[in-house]
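Remarks on the structure that follows.
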Amino acid sequence: MAPVFDYAPAPESRSVVDIAPSYGLFIDGEFTDAAGGKVFKTVSPSTEEVLSEVAEATEEDVDRAVKAARRAFEKWSALPGSERAKYLFRIARVIQERSRELAVLETLDNGKPIKETRDADLPLVAAHFFYYAGWADKLEHAGYGANPRPLGVAGQVIPWNFPLLMLAWKIAPALATGNTVVLKPAETTPLSALFFADICRQAGLPRGVVNIVTGDGRAGAALVAHPDVNKVAFTGSTAVGKEIARTVAGTRKKLTLELGGKGANIVFDDAPIDQAVEGIVNGIFFNQGQVCCAGSRLLVQESVHDELLDSLKRRLSTLRLGDPLDKNTDIGAINSAEQLARITALAEQGEAEGAERWSPACELPENGYWFAPTLFTGVTQAHTIARDEIFGPVLSVLTFRTPDEAVAKANNTPYGLSAGIWTEKGSRILAVANKLRAGVIWSNTFNKFDPTSPFGGYKESGFGREGGRHGLEAYLDV
Amino acid sequence: MSDKNEKTEKNERLSVFKTYKLYVGGKFPRSESGRVYEVTDAKGKWLANAPQSSRKDARDAVVAARKAFGAWSGATAYNRGQILYRIAEMLEGRREQYVREVGEAEGLAKAKAAAQVDAAIDRWVWYAGWTDKIAQVVGGGNPVAGPFFNLSSPEPTGVVAVLAPQESSFLGLVSVVAPVIATGNTAVVVASEKHPLPALSLGEVLATSDLPGGVVNILSGRTAEIAAPLAAHQDVNAIDLAGADEVLAKELEIAAADNLKRVLRPQPVDDWAAAPGTDRMTAFLETKTVWHPTGSLGASGSAY
């Protein structure tokens, strides 16, 4: 049945962003071609339109970038913290000034809704630079000794789900502590990092302090393995994280890893159902579920299972999927054909293993990479969809009877990144939060982020924390 | 032969040797393998046969450490502090025994060995005082920009495999074990390969110190042989490579990557008696951050 009233389209203007037909690598303050002369295309996931061509870095380019960062390190680390702070504050301000442009750019390159880039990603990006700017001249108060020293050159490899936010999480603390940076953005979302290079130019950042090398996993591997890199920071899959840990074994490189997750969202029978439903939706459909801390396993107390599922399905039917640049859009495009194939395969496996699949009536656009919001009920712990990270808008619903059972099921995973608890009973929140083996626990809320708040995982979700005072440690010689 | 035996030649009382055993799960088993190896003093004189632990001993120790983890990590920090202090009390009472064992093991004159043992006792006292303070030092409230109560607190990472330093047989050992359990982790300790006896004797003190069985498990034998299965063990959460040389450390780090163990790499330590700092505690702590909405009392009424 067609709705009586529909939303008029509310497209965000693309004219605020000017994407060049091609981009080079950003090394030592200048854009340069890759040594091998190769380029690759970056497309808009919602239309498959080619947005631009970017240079594909070779080992030689990575080496040049590391050398530039090494040269810049001496002066940058010797600057008084108050001066570094001012550069970071400048960057934060320029990001705020250009946030609309960057939000549109990010939506085009990543496929996520403008609502999210505009209201979540960009404000957080600026906030991270503000937060760490303030630390730059206060490091002796951070609890890491009287004269905490930077490590040197930081090699950073980031994923495609939050391209600019992950850049901010990595670059802001690195610069605040006096390190210089070579960052490799993801192959499918290189553009916002290249725009960030221009922000560095506008902020007058000394050359070589930030270098951006675009390319695929080979460029990332070369960066991680480079002998003159002192610190490796990676956000991405657990499999790649393990490979990186092996690569840096036996070296002096400091390593932090922020990897996958299979977050449990636990709903007790006394939970505020409407708020829980909002939290569940936010937990797994935010950013098309392409979130490492997504609440991809819903654990519902048996007595409220049917009531909750009814509400959840009703709520899912109101989600709007489509043009990410439309301000009314809740669910945008999946980032790449490859990721779409992975989600599709895992969902099919869920069906094949006997879980019951449900999606709201949902028309998918003809072009681009799309996946309807999907629920699986009747899921058991043995199902692949309850164990493997899907990294897409797919929610597996399991049930439990007692708090102990909920905790046991929530912890029954090699991952340990996030979890949610929904109950009106304060003592239950604290008791369950205490027992969950996860780095971030949201109670009666979900997917909240803040630069002052440390984020990171237990177990195979990686080690180290990003954000807050804790985030400084990764970039200091302690 | 040791002095004890020489005395027998003068028709004095025949001394009673000690059969050194492992300390696993609060009990003192021999190695499952039935193997022992000769331990000698600094001049090459025989001191004892120490158990040469096998992979199976290492796995048994992990099972014991895992079993003990829930209760130990769940104990109050105050209680853990009391028990760590109790360990110092018990050690103080056996001070002479350890002075002799450390002196023999490391070839130290009595005064120097005594200084090592005293420092080790003081170290237990120091860490006893940390158990209920570390959370305040490394955790705290986060001032997030929104209506949320947001708290970060440290939690033990789990079962930690500890390769004790090779040279400092007792002070070095205590310096790496105490911080691991002070923070609520449980430990599988591989004693110094050449000087394992003070470590094996430490088990006797731990067993009489109210420390629950399994919180610390002590193995002796070939470091590389025991460390390999520990580094590869899927139920070990972290590894301290203090007692590994560069080649072994690299090998173990590669194995540890399989389940993303927290790795504390070998750091050169000139003087184990120097003030240790908090690094060895924080290396085996996770940070858990809990969010909750706060209510607000606005003009439009209550929102909580």
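Note on naming: letters A, B, ... go to the chains in the order of the sequence lines (proteins, then strands), and numbering restarts at 1 for each one. Please read all numbers here as calculations on a predicted model, not as lab measurements.
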Any side-chain donor-acceptor pair under 3.5 Å between T452(A) and N142(B)? no
Do Q234(B) and E460(A) come close enough that some side-chain heavy atom pair is under 4.5 Å? yes
Measure distances from L259(A) to the heavy atoms of chain B and classify the residue's part below 4.5 Å as side chain, backbone, both or neither. side chain
V138(B) versus chain A, the contacting section by heavy-atom distance below 4.5 Å: both
Any non-hydrogen side-chain atom of T157(B) less than 4.5 Å from a side-chain atom of K459(A)? no
Using a 6.0 Å cut-off, check whether atom NZ of K138(A) has over 12 heavy atoms from anything other than its own residue. yes
In terms of heavy-atom contacts, does NZ of K133(B) have more than 12 from other residues, nucleotides or ligands at under 6.0 Å? yes
Count the heavy-atom pairs under 4.5 Å between each of G250(A), G241(A), A249(A) and chain B, then report the option with the highest count. A249(A)
Nearest heavy-atom contact between Y458(A) and T287(B) is CE1-O, 4.1 Å
If one checks every heavy atom of T251(A) against chain B at 4.5 Å, the contacting part turns out to be both
Minimum heavy-atom distance between R262(B) and G457(A), given as atom pair plus value: NH2-O, 3.0 Å
Region of F449(A) that comes under 4.5 Å of a non-hydrogen atom in chain B: backbone
Under 4.0 Å between a Lys/Arg side-chain N and an Asp/Glu carboxylate O for E286(B) and R465(A)? yes
Contact part of P154(B) toward chain A, heavy-atom cut-off under 4.5 Å: side chain, backbone, both or neither? neither
Shortest non-hydrogen contact between W291(B) and S443(A), atoms and distance: O-OG, 2.6 Å
With rounding to the nearest 0.5 Å, note down the distance linking OH in Y415(A) to CG in L260(B). 10.0 Å
With chain A, the option among I254(B), T278(B), T282(B), V144(B) that has the most non-hydrogen atom pairs under 4.5 Å is V144(B)
Spatial distance of atom OG (S153(B)) from atom CG (N434(A)) [nearest 0.5 Å]: 8.0 Å
Applying a strict 4.5 Å limit to non-hydrogen atoms, the region of I244(A) in contact with chain B is neither
Go through the atoms of I421(A) and report whether side chain, backbone, both or neither lie under 4.5 Å from a heavy atom of chain B. neither
Should we count CG of D271(B) as having more than 12 external heavy atoms under 6.0 Å? yes
Is it the case that more than 12 heavy atoms not belonging to R222(B) sit under 6.0 Å from its CZ atom? yes
Write down the atom of T289(B), the atom of P454(A), and the distance for their closest heavy-atom approach. OG1-O, 3.2 Å
By salt bridge (charged side-chain N to carboxylate O under 4.0 Å, His left out), K448(A) pairs with (sequence neighbours left out) none
Go through the atoms of F149(B) and report whether side chain, backbone, both or neither lie under 4.5 Å from a heavy atom of chain A. neither
Shortest non-hydrogen separation from E155(B) to L436(A) and the atoms involved: OE1-O, 4.4 Å
Please classify the contact between A438(A) and chain B as side chain, backbone, both or neither, with a heavy-atom cut-off of under 4.5 Å. backbone
Go through K288(B) and V440(A) one step at a time and tell me if the side-chain contact (heavy atoms from CB on, under 4.5 Å) criterion holds. CA-CA 6 Å; K288(B) 177 185 275 181; V440(A) 188; over 6 Å; no
Stepwise, does the side-chain contact (heavy atoms from CB on, under 4.5 Å) test hold for T445(A) with H292(B)? CA-CA 7 Å; T445(A) 183; H292(B) 196 279; over 6 Å; no
For R469(A), is it the side chain, the backbone, both, or neither that has a heavy atom closer than 4.5 Å to a heavy atom of chain B? side chain
Any idea which of P414(A), G462(A), G456(A), G143(A) has the most non-hydrogen atom pairs under 4.5 angstrom with chain B? G462(A)
For A145(B), is it the side chain, the backbone, both, or neither that has a heavy atom closer than 4.5 Å to a heavy atom of chain A? both
Is K242(A) reaching over with its side chain to a backbone N or O of D258(B), donor-acceptor style, under 3.5 angstrom? yes
What residue, out of S418(A), G439(A), G420(A), A245(A), has the most heavy-atom pairs lying under 4.5 Å from chain B? G439(A)
Determine whether N150(B) and D450(A) make a side-chain contact, defined as any pair of heavy atoms from C-beta on separated by less than 4.5 Å. no
Can you establish whether the number of heavy atoms outside E246(B) located under 6.0 Å from its atom CD is more than 12? no
Nearest heavy atoms of V478(A) and D279(B), plus distance in Å: C-OD2, 4.2 Å
